[in-house]
Amino acid sequence: MQTEIGTDLEKVAELLQWGQIVAIPTESVYGLAANALDQEAVIKVFQAKERPFFDPLIIHTHSIEKMKKWVTEVPEVALKLAKKFSPGPITFVLPKKKVIPNLVTSGLPTVAVRIPNHPLTLELLRKLDYPLAAPSANLFGYVSPTSVAHVLDQLGGKIPYVLDGGPCKVGIESTIISFTDEKPVVLRVGGISIEDIEKIAGSVEVNLHSSSNPAAPGQLDSHYKPCKKVILVPEGAEVNQEEPGKTGVIAFRKEWESVPKANQQILSAKGNLAEAARNIFAALRLLDREGIEIMYAEELPEEGLGRAINDRLRRAASKR
Ligand code: TXA
Ligand code: MG
């Protein structure tokens, strides 16, 4: 199949209408989208990503009003958060309406829903009378795509169209927050920091994870896997190398002296966590190449977006 790249929203809407799947830009990462109400189209998403059916999808819509169409209720605190941060990188897990297929939610009684903050995708969503189910547009378990080139690397030839929205401005996935318990529970740290959420919602619980956490079945410990081995180290802790030429380094602010420059990615020379978030997935992809045998990644400060970046690095580093 030939994969077309462009900004033709009419064409994308038509493809979706016919049950095709299309890559779409968001502020967080690129998504692989299908009409969420069309089960055959949703199956194509799982197949193209080689994703297991037990890992539920996020649905995307363009307004809080539309969100209410797909869930049975939006608690007050969720509404406050949505008014503050949507459109934006925050996803709400809420009780689903029957119209959302069980296939989308992997049989869960809840659905994850978000309003992405990208002008092209918002315009597309406004044209549609159904939500778009869209996981990140990468093969299951690999690093999420933050550019059209990343999408094509893994899905080129497998999908008919990539809607070109340029590089992603946030660069890590949305924060997922569930409202099924009395207290909101963060299931995935992401583009909106916990500190910012707590300013609006009061204190929240954080239950990230994992293969053992049935509430977020897709959050496997070993997600975000590059092919190469990743080892986490404290910032600035240059590890002695026997073969520096085969070592990759993802440093937060400063290059390592012992490793060739070409093998290093600096996330933010200024120490800016938002800039580091924009760069992290591209850095992992760039160093996941021939000639590099091992990657060292510096841990970032465990605050704000640093938490979400560290989470991705830990999963990338965890054993298969
Ligand atoms: O930023 C994002 O959220 C991107 C863009 C494309 O919107 N999407 C994304 O989707 O990261 P994905 O499929 O790669 O990750 C979604 C995760 C799933 O792995 C699962 O853990 C969680 O969302 N999830 C989905 N539905 C859920 C539900 N009903 N309850 C708990 N967790 C859910
Ligand atoms: Mg993903």
Side-chain angles (χ1 to χ4, degrees), residues 21-34 36 42 45-46 48-61 70-71 85-97 100-118 121-122 125 131-146 150-151 154-155 163 165 168-181 184-192 207-225 277 281 308 311-312 315-316:
I21 57 176
V22 172
I24 56 166
T26 82
E27 78 287 21
S28 64
V29 302
Y30 272 78
L32 181 59
V42 172
V45 168
F46 282 97
K49 274 186 63 94
E50 298 167 26
R51 176 178 177 121
F53 285 107
F54 65 71
D55 189 5
L57 307 180
I58 295 175
I59 66 168
H60 298 68
T61 186
W70 314 118
V71 301
F85 298 119
S86 297
I90 184 165
T91 295
F92 302 88
V93 173
L94 296 165
K96 82 176 188 78
K97 281 201 180 141
I100 303 294
N102 290 326
L103 188 61
V104 170
T105 66
S106 302
L108 293 172
T110 53
V111 63
V113 48
R114 88 173 189 100
I115 306 172
N117 191 15
H118 191 290
T121 293
L122 282 173
L125 288 166
L132 290 176
S136 51
N138 51 277
L139 294 180
F140 182 70
Y142 197 73
V143 177
S144 294
T146 52
H150 292 168
V151 175
Q154 295 200 315
L155 298 176
L163 185 58
C168 299
K169 295 211 160 107
V170 174
I172 45 173
E173 303 86 345
S174 60
T175 300
I176 302 179
I177 180 161
S178 162
F179 298 87
T180 47
D181 294 305
V185 184
V186 170
L187 300 176
R188 178 174 75 185
V189 281
I192 303 283
N207 185 9
L208 312 179
H209 239 55
S210 91
S211 357
S212 59
N213 176 13
Q219 284 280 81
L220 301 180
D221 287 332
S222 63
H223 234 80
Y224 309 105
K225 268 292 177 222
F281 286 145
D311 168 83
R312 306 308 186 264
R315 289 178 206 274

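Atoms within each ligand, like the ligands themselves, are counted from 1 in listed order. Note that these values count all heavy atoms, side chains included, but never hydrogens, waters or copies made by symmetry.
- Listed by chain and number, the protein atoms of type N/O/S under 2.8 Å from the Mg ion (ligand 2) are S136 OG; waters are omitted.
- Between V71 and V113, some side-chain heavy-atom pair lies under the 4.5 Å cut-off.
- When heavy-atom distances to ligand 1 are checked against a 4.0 Å cut-off, T110 comes that close through both its backbone and its side chain.
- Considering each of P135, S106, P145, C168, the one bringing a non-hydrogen atom nearest atom 10 (O) of ligand 1 is P135.
- Legend: residues meeting side-chain hydrogen bond (donor to acceptor under 3.5 Å, both in side chains) with S178, ordered by chain and number and at least two apart, are T180.
- No donor-acceptor pair under 3.5 Å is formed between the side chain of R114 and the backbone N or O of I59.
- In this structure, P135 and K49 approach most closely via the heavy-atom pair CG-CD, 3.4 Å.
- Interface of S28 with ligand 1, defined as ligand atoms under 4.0 Å from a residue heavy atom, comprises 1 (O), 2 (C), 4 (C), 5 (C).
- Compare S136, A137, G88 by their heavy atoms: the one nearest to atom 12 (P) of ligand 1 is in S136.
- Comparing heavy-atom distances from atom 8 (N) of ligand 1 across G31, A33, S174, A134 singles out A134 as nearest.
- For T61, the side-chain hydrogen bond (donor to acceptor under 3.5 Å, both in side chains) test picks out no residue, with sequence neighbours left out.
- Note: no N/O pair closer than 3.5 Å links T105 and ligand 1 by distance alone.
- For the pair A137 and P145, the tightest heavy-atom approach, listed with the atom from each and the gap, is O-CG, 3.3 Å.
- Close contacts of ligand 1 with I176, meaning ligand atoms under 4.0 Å from a residue heavy atom, involve 17 (C), 22 (C), 23 (O).
- A23 approaches L32 most closely through the heavy-atom pair N-CD1, 4.2 Å.
- Taking a 4.0 Å cut-off on heavy atoms, V93 registers as neighbouring ligand 1.
- Look at K96 and you'll find every heavy atom at least 4.0 Å from all atoms of ligand 1.
- With ligand atoms numbered from 1 in the order given, ligand 1 contributes 25 (C), 26 (N) to contacts under 4.0 Å with heavy atoms of L57.
- If you look at R51 next to ligand 1, the close heavy atoms, those under 4.0 Å, all belong to the side chain.
- Judged as a side-chain hydrogen bond (donor to acceptor under 3.5 Å, both in side chains), and not counting sequence neighbours, the contacts of S144 are E173.
- Listed by atom number, the atoms of ligand 1 under 4.0 Å from L108 heavy atoms are 28 (C), 29 (N), 30 (N).
- Note that CD1 of I21 and CG of L132 are 12.0 Å apart. Values are rounded to the nearest 0.5 Å.
- Selection from E173, R188, K49 by nearest heavy atom to atom 15 (O) of ligand 1 gives R188.
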